[in-house]
Amino acid sequence: MRHLLSAADLGRAETIQILDLAEEMAQVQARPVKKLPALRGRTVVNLFFEDSTRTRSSFELAGKWLSADVINISAKGSSVSKGESLRDTVLTVAAMGVDALVIRHHASGAPAQVRRWFEEGGIDAHVLNAGDGTHEHPTQALLDAFTLRRHFRVAEPDRNSFEGRVVVIAGDVTHSRVARSNVLLLRTLGAEVVLVAPPTLMPSGVETWPVATSNDLDEVLPEADAVMMLRVQRERMSGGYFPTPREYTHRYGLTRERLTRLKPGAAICHPGPMNRGLEISADAADAANSLILDQVAAGVAVRMSVLYELLGGGDN
Ligand code: CP
């Protein structure tokens with residue numbers, strides 16, 4: 001793997017290798033001294049054109065715990081705010097001699113365009129997609145798979161973790177890069193995926209995706225081994241996608257009442273940030289079977305694993 005732009009870049013064996021290595025990285029995360037020398041002398045730049053709490057800080061920790069030099073650049077406070085173009089910005093950063101560029105951008109396809117500019121310019125840096133518009137968020141899908149694999153293994157150690165498991169992904173699917181990457185990766189791992197959304201928030205062309213779909217959350221919840229609630233992305237909505245927030249919660253929120261429809265032990269996930277009281281209730285977010293903080297913790301271990309795989313830590 002040279003770049004990580006899409007969950008589709010990962011085959012089953014490669015995904016499992018990243019998840020297995022992340023288990024080892026998680027052991028480092030649990031130590032008092034969280035440091036490995038694997039990426040000493042390598043430089044990672046986190047270039048964020050959109051806000052982030054989890055992804056940016058976990059990529060930063062992942063790089064630092066592997067002893068890479070890590071620089072964070074956000075659009076606010078950089079020359080982007082003076083009108084510098086994306087192309088000029090990334091070529092400027094690359095000219096300093098970076099080994100990996102982690103990029104979050106509001107435009108779908110921006111990381112792929114950066115990879116093309118690097119290839120045209122003979123620039124030997126790896127590109128990692130940290131979320132591009134409504135397109136993809138592949139490391140989020142990896143950390144979700146890591147978290148779910150652990151959960152399924154504890155419940156049934158002798159069973160293949162994903163084969164035959166039903167993962168319900170519910171909410172604002174149209175605007176969700178998390179949903180797109182998760183569909184690809186969960187299918188690669190053998191899980192069945194059911195997407196649930198109001199008709200207005202189900203993407204056009206979804207019938208060609210390898211998933212089942214429903215507009216009725218109550219109907220599908222009893223089948224779920226895991227339910228992944230998606231954030232309602234009001235900042236990407238230009239029109240009225242649902243009558244009122246109250247109506248949305250009534251039909252599509254994981255409310256206290258809906259928790260009773262889940263199988264015992266079914267996992268509750270959310271990529272964050274959450275709109276508590278809209279797509280997920282406090283009872284669900286803080287339930288015993290909620291894995292939301294496990295997902296956050298997994299973000300560091302998984303991103304350590306990905307950086308290690310991409311930057312050739314294995315050669316050290
Ligand atoms: N899940 C996720 O991408 O969160 P951030 O926007 O905080 O990075």
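Predicted, not measured: the structure shown is a model, and the values here were computed from it. What's counted below: heavy atoms across the whole structure, side chains too, no hydrogens, waters or symmetry copies. Numbering of ligands and ligand atoms starts at 1, following listing order.
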Review point. Side chains of Thr139 and Arg303: donor-acceptor distance under 3.5 Å anywhere?
Key: yes
**Study point:** Residues which pass side chain to side chain contact (heavy atoms under 4.5 Å, CB included) with Arg251, listed by chain and number, not counting sequence neighbours
**Key:** Glu247
Does ligand 1 have any N/O pairs with the protein under 3.5 Å, and how far apart?
from, atom 1, to, atom 2, distance (Å)
ligand 1, 1 (N), Gln140, OE1, 3.0
ligand 1, 1 (N), Pro271, O, 2.9
ligand 1, 1 (N), Gly272, O, 3.2
ligand 1, 3 (O), Thr55, OG1, 3.0
ligand 1, 3 (O), Arg104, NH2, 2.9
ligand 1, 3 (O), His137, NE2, 2.9
ligand 1, 4 (O), Arg54, NE, 3.1
ligand 1, 6 (O), Arg104, NH1, 2.9
ligand 1, 7 (O), Thr53, N, 2.8
ligand 1, 7 (O), Arg54, N, 2.9
ligand 1, 7 (O), Arg54, NE, 3.1
ligand 1, 7 (O), Arg54, NH2, 3.3
ligand 1, 8 (O), Ser52, OG, 2.6
ligand 1, 8 (O), Thr55, N, 2.9
ligand 1, 8 (O), Thr55, OG1, 2.6
ligand 1, 8 (O), Arg104, NH1, 3.4
ligand 1, 8 (O), Arg104, NH2, 3.3

**Study point:** Contacts of Asn129 that satisfy side chain to side chain donor-acceptor pair (under 3.5 Å) - sequence neighbours left out
**Key:** Asp132
Point to revise | Pairwise ring pair (Phe, Tyr, Trp, His ring centres under 6.0 Å) hits with a residue in residues 121-145, at least two apart | key: none
Check your understanding: Do Arg234 and Asp172 meet the salt-bridge criterion of a basic N to acidic O distance under 4.0 Å?
Key -> no
Check your understanding: Is it the case that more than 12 heavy atoms not belonging to His106 sit under 6.0 Å from its NE2 atom?
Key -> yes
